[in-house]
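Data block below; observations after.
Positions are given from 1, in the same order as the sequence printed here. As the structure is a prediction and not an experimental result, all values here were calculated from the model. Just so you know, ligand 1 is whichever comes first in the structure, and atom 1 is the first atom listed for that ligand.
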Amino acid sequence: MSSLPLSTATTPPIAPTMRAWLVSARGPPTTVLKLTTTLPTPSPKPTDLLIRISHAALNPGSTSLMLLIPQFLRAAPSIPEIDFAGTVVAVGSSAPSQFPIGARVFGCLHLKAMTAGKGVLADYIAVSSDEAGVAVLPESWSFEEGAGLAACGITALNMCRAAGMQEGERVLVNGASGGVGTMAVQVARAMGAKEVVGVCSGRNVEMVKGLGADEVVDYQAHHPVGEYLAERYGDQPFDRIFDTVGVQALYSKSPRYLKEDGVFINVGAYEGGWRFVLNGLRNLFLPRWLGGTPRKFIGLGVPSTNEHAAAIAKFAAEGKVKTVVDKVFDLEDVIEAYKLLGSMRARGKIIIRIQDSDKTK
Ligand SMILES: NC(=O)c1ccc[n+]([C@@H]2O[C@H](COP(=O)([O-])OP(=O)(O)OC[C@H]3O[C@@H](n4cnc5c(N)ncnc54)[C@H](OP(=O)(O)O)[C@@H]3O)[C@@H](O)[C@H]2O)c1
């Protein structure tokens, strides 16, 4: 018998079973994901919030896990994706009191939750504070926007923090039109960067300028982009470079456009899983006298906490960041959504509508 709590006056009844996409094997999401409609709705443990998910967002990292992890190492059932917005519908006896039943929240899961099989392409999720960074969604934000806020916003925040970015600095953001890049441009601005230069394809130049970039470089028109950056910015090098794509040549050429005491941070795995790992090891450990690039390199993978989520929620409430939404898909159309993600041409976030409960502004 289900131990789910009864519904309350402020939330709809909690269904005993739910819809969820499950990872059925190792492979690309377009072939290994199966939709079920009969998964038991999780019961919250004492430290958990039970959240009815309104909208979720896709992230390339989840695809990497589907491709890399053998099925025998995967928890069963295993639901993909980490980014969500929804309503708290039940709370455990010792869950954090700032998220009462009825609270509109957003957040993203940690690796720990993902390895336990938890994911957000489902009607409900039960999570504790050590499994996800969660915050109250600003009043003026829709669930659709909130779903795309946490993973990329927090990654951008962590990039600025880890790089030690100071007010008045000059910052370059590679991949400025993607999920992380659109947030990195805005968060760098919100944290006081004097000048932000974005790199993206020509079709997205105006969109990135609209987010606050002073200049935008079209990497397709200026190929190879490292040479162009050296010519254009060699005499006024950047303080920090945030690579959200993972272009190794951008780092190896960076001494020509990054200050000697500058910092280069990469979060992207554009050149593939093993290349990403090998490049990261080389950039971190190869001594300069053996050909290592003479600039500080940081490869980032920081879990999101409630503090991170609250910090990005504050920027959102103040109008300093917004979610750029490329396209919204219904839960049943997730495979189409993954095809768009796999194109590596998404503009901002790909959102999955799970309920029709969105609050429009
Ligand atoms: N470590 C972490 O904490 C963390 C967190 C989140 C994401 N990530 C990783 O960060 C990466 C980006 O994630 P995302 O969500 O931003 O992906 P995304 O939304 O799919 O972004 C893809 C973007 O990459 C741009 N792009 C493609 N090729 C490019 C190139 N050669 N030069 C410059 N830009 C290029 C595209 O812009 P155009 O169409 O304009 O070319 C597109 O907007 C992924 O590898 C993801 O796994 C890491």
Side-chain angles (χ1 to χ4, degrees), residues 29 57-68 80-83 108-111 114 133 147-163 172-187 197-209 211 213 216-226 228-229 241-251 253 265-273 275-277 279-280 298-305 308 312 323-327 337-351:
L58 301 189
N59 282 289
S62 300
T63 300
S64 303
L65 292 181
M66 283 183 241
L67 289 167
L68 287 173
E81 297 300 338
I82 58 172
D83 244 346
C108 82
L109 306 183
H110 299 172
L111 195 59
M114 294 162 76
L149 181 58
C152 293
I154 290 171
T155 302
L157 180 77
N158 284 327
M159 287 178 106
C160 292
R161 286 179 175 178
L172 179 79
V173 177
N174 187 40
S177 55
V180 181
T182 51
M183 284 291 167
V185 168
Q186 298 176 88
V187 172
V197 175
V199 179
C200 65
S201 62
R203 73 191 181 113
N204 292 322
V205 165
E206 291 310 315
M207 183 269 281
V208 172
K209 280 189 183 162
L211 298 174
V216 181
V217 174
D218 173 354
Y219 68 85
Q220 291 170 334
H222 300 290
H223 184 74
V225 72
Y228 177 78
L229 293 173
I241 295 180
F242 300 149
D243 187 0
T244 72
V245 182
V247 177
Q248 177 64 12
L250 200 68
Y251 175 62
K253 294 212 164 78
I265 294 201
N266 176 49
V267 297
Y270 172 72
E271 291 177 2
R275 290 274 293 279
F276 170 70
V277 174
N279 288 339
I298 298 176
L300 200 67
V302 187
S304 44
T305 64
H308 293 125
I312 206 74
T323 302
V324 176
V325 175
D326 182 312
K327 196 165 176 192
Y338 274 109
K339 287 180 187 165
L340 175 57
L341 183 75
S343 73
M344 289 239 9
R345 291 271 92 80
R347 307 172 86 191
K349 297 304 297 178
I350 299 165
I351 304 292

With respect to Lys349, which candidate in Leu149, Asp83, Leu58, Asp326 satisfies the side-chain contact (heavy atoms from CB on, under 4.5 Å) definition? Asp83
Pairs of nitrogen or oxygen atoms, one from ligand 1 and one from the protein, closer than 3.5 Å: please tabulate them with distances.
residue: ligand 1; atom: 1 (N); partner: Leu300; partner atom: O; Å: 2.8
residue: ligand 1; atom: 16 (O); partner: Gly179; partner atom: N; Å: 3.1
residue: ligand 1; atom: 16 (O); partner: Val180; partner atom: N; Å: 2.8
residue: ligand 1; atom: 19 (O); partner: Gly179; partner atom: N; Å: 2.8
residue: ligand 1; atom: 28 (N); partner: Arg345; partner atom: NH2; Å: 3.4
residue: ligand 1; atom: 37 (O); partner: Ser177; partner atom: OG; Å: 2.9
residue: ligand 1; atom: 39 (O); partner: Arg345; partner atom: NE; Å: 3.0
residue: ligand 1; atom: 40 (O); partner: Ser177; partner atom: OG; Å: 2.8
residue: ligand 1; atom: 40 (O); partner: Ser201; partner atom: N; Å: 2.9
residue: ligand 1; atom: 40 (O); partner: Ser201; partner atom: OG; Å: 2.7
residue: ligand 1; atom: 40 (O); partner: Asn204; partner atom: ND2; Å: 2.8
residue: ligand 1; atom: 41 (O); partner: Ser201; partner atom: OG; Å: 3.4
residue: ligand 1; atom: 41 (O); partner: Tyr219; partner atom: OH; Å: 2.4
residue: ligand 1; atom: 41 (O); partner: Arg345; partner atom: NH2; Å: 2.9
residue: ligand 1; atom: 43 (O); partner: Ser177; partner atom: OG; Å: 3.0
residue: ligand 1; atom: 43 (O); partner: Gly178; partner atom: N; Å: 3.2
residue: ligand 1; atom: 43 (O); partner: Ala346; partner atom: O; Å: 2.9
residue: ligand 1; atom: 45 (O); partner: Ala269; partner atom: N; Å: 3.0

Taking all non-hydrogen atoms of both residues into account, name the closest pair between Ser177 and Cys200 and its distance. OG-CB, 3.5 Å
Out of Asp243, Val173, Leu172, which one pairs with Val199 under the side-chain contact (heavy atoms from CB on, under 4.5 Å) rule? Leu172
Could you give the distance from OG1 (Thr323) to CD (Gln186), rounded to the nearest 0.5 Å? 8.0 Å
How long is the span from the NZ atom in Lys253 to the CG atom in Leu229, to the nearest 0.5 Å? 10.0 Å
Taking the side chain as C-beta and beyond, is there a heavy-atom pair between Arg345 and Leu340 under 4.5 Å? no
